[in-house]
J.: 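One structure coming up, written as structure tokens, with questions to follow.
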Amino acid sequence: MVTKFEDFKYERPDFDLFSKEVDGLLNAFKKADSLESQQTVINQFNDKIKHIYSMVTIATIRSSIDTKDKFYLEEREFYDKNLPVLSAITNDYYEELLNSPFRKELEELYGKQLFSLVENKLKGFDPKVKDLMSEINALASKYSILLSSAEIKYDGKKLALTEFAPYMINDDRDVRKSAIHAKQQFMKEHLDEIDEIYDELVKKRHEMAVALGYNNYTELGYIHMDRIDYDRNMVENYRQQVKDYVVPYVTELRKRQKERIGVEDLKYYDLAYEFKSGNPTPKGGTKAIMENGAKMYKELSKETDEFYTFMSERNLFDVEAKKGKEGGGYCTFIEDYKAPFIFSNFNGTQGDIEVLTHEAGHAFQMYSSRNFSVPEYIMPTHEACEIHSMSMEFFTYPWMELFFEEETDKFKFSHLAGALEFLPYGVAIDEFQHVVYDHPELTPKERREEWKKIEAVYLPDRDYEDIPGYVDGAFWHGQGHLFDMPFYYIDYTLAQVCALQFFKRANEDFDNAFKDYLALCKLGGSLPFGELVKAANLNSPFEDGTLKEIVEYVKTHLDNIDDKNL
């Protein structure tokens, strides 16, 4: 019998009991006189840690579906406070793993990546910072709850922040403008509060980094992101290539958009409105989208058909926007049930399909790697994770007519152009975070001034006119990653470069490209980013020439489309 998500059992883990059990396992690990005996202990520890993280994940999902649910809100607060305790317990196990007399044999058995990850975990945590970590978690949750609490009066309704997207593609420019002003008035009213939350986060992360022996959180942030085979110098060189090859062409694309929609000056509230004939929108509501998703994944491959059926039968999707629901979209994994879960906020725009295919890419990868005995291998590091999601968006191109019908070509142009247009913004966020954490002494106002400088380099055509908050240098206030996952954003851009390579290869030889994609998904997190890219027969985004080559390919593709007639 299939167990549905609503029936997944939740119970708060007993951390005191878990600590005692781990003490017993560690004693057994130390006394083990054979590789097999240590393997047994490793398996027992993994089973216990998987269960705890399953409970954390179920509580987090249910809290994000309904942020007003008092029970799960309290559970979330409990984990904000106690997850650092779990990190301390886990690190005791990691230390024993690294010091095992059978380490060489264990590396051959489980792979070197596990030990590289473990070394990073130990570099990035010490019990003395667990209280700081709890405070950081609570602040990140405070930000998320603040934004999800928004109920903004507009168009005779009370709207959440996530419900404004359809107004931003309205044919009437005055509607677009008034909608962004209404939405941003909420953000402006809370500008000081958001600034204060972020200021506290920066200072506490800096304090944590110094306590662990680092100069600043930038150094620690790279460790927390498990950047094993690349460093900030490589990232800086990559950002420079984005400036050199992507920014100029994106500026051209914006000029084409201005002419296409017939405005004299392209304002920020025009950016989401891409075609005079109206933006492409999915046909039918959520039910139709999910049914077409089933058809698409059935025809794509037997593996994707099996995956989508598994998800659908267990109600592992929560995709519609509603009041009290957290914003954004994500995919996560529930270890006890070997089940991915997709969360999003459908709002009637093309983004619904982009989110569906993107998060399904994550979920398919997790499903493909679900049987790894090493929990650290279920998912790779973040930049590698995003290859699966962004590439899935391109591999599903042949089925977009199911969703967009006569507007399919319009969607593909918008999506492909958007893939390039995203890159400058993504690296701008990354450069901003480097400035913020390299200089934690900056005041909130000074940070917003730094954002304006960076924006001028990567997004030179941005014109906010008089939009509240945005003109104050607070555009980034709406980017949740900066608050709860610092330095997690350039990852999307690195993955986008890989995904665009898959787009090119799929146009040339779909079957072989998808074969490499399947193999990549099955590797999970068993290799670091660079080796996963190589295993998928892709070129590293850090390699000089990779970005230039793919931009030229996409440019040729887009320049051959008469977008004015779409």
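All of these numbers come straight from a predicted model, not from anything done at the bench.
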J.: Looking at residues at least two apart in the chain, or sitting in another chain, which of them share a side chain to side chain donor-acceptor pair (under 3.5 Å) with T396?
T.: none

J.: Please check if the number of heavy atoms outside K445 that lie under 6.0 Å from its NZ is greater than 12.
T.: no

J.: So, do L266 and L271 sit near enough that their side-chain heavy atoms are less than 4.5 Å apart?
T.: yes

J.: Would you check if the distance from the ring center of F125 to the ring center of Y94 is below 6.0 Å?
T.: no

J.: Would you check if the distance from the ring center of Y425 to the ring center of Y458 is below 6.0 Å?
T.: no

J.: Who pairs with A495 by side-chain contact (heavy atoms from CB on, under 4.5 Å), at least two apart in sequence or on another chain?
T.: E386, I387, M390

J.: Applying salt bridge (charged side-chain N to carboxylate O under 4.0 Å, His left out), which residue pairs with at least one partner in residues 124-144 are found, sequence neighbours left out?
T.: E135-K204

J.: Is the number of heavy atoms from other residues, nucleotides or ligands under 6.0 Å of K255 NZ greater than 12?
T.: no

J.: Passes side chain to side chain donor-acceptor pair (under 3.5 Å), Y492 versus E383? Steps please.
T.: CA-CA 6 Å; Y492 289 106; E383 69 290 279; over 6 Å; no

J.: Give me the ring orientation class for Y464 and F475: parallel if the planes are under 30° apart, tilted from 30 to 60°, perpendicular past 60°.
T.: parallel

J.: So that I know where these two stand, are F5 and F8 an aromatic pair - ring centroids less than 6.0 Å apart?
T.: yes

J.: Under the salt bridge (Lys or Arg N to Asp or Glu O under 4.0 Å) criterion, do K322 and D66 qualify, and how do the steps go?
T.: CA-CA 9 Å; K322 47 185 178 276; D66 182 4; over 6 Å; no

J.: Carefully, step by step, assess F15 and F78 under the rule ring pair (Phe, Tyr, Trp, His ring centres under 6.0 Å).
T.: CA-CA 11 Å; F15 280 32; F78 170 79; 5.6 Å; yes

J.: In this structure, is the centre-to-centre distance between the rings of F403 and F411 below 6.0 Å?
T.: no

J.: Apply the ring-ring contact (aromatic ring centres under 6.0 Å, His included) test between Y437 and each candidate in Y214, Y217, Y222, F432; give the one that qualifies.
T.: Y217

J.: Could you walk me through whether M290 and L356 pass side chain to side chain contact (heavy atoms under 4.5 Å, CB included), step by step?
T.: CA-CA 9 Å; M290 300 309 289; L356 175 66; 4.2 Å; yes

J.: Looking at K452, I'd like to know if its NZ atom is crowded, meaning that more than 12 non-hydrogen atoms belonging to other residues, nucleotides or ligands lie closer than 6.0 Å.
T.: yes

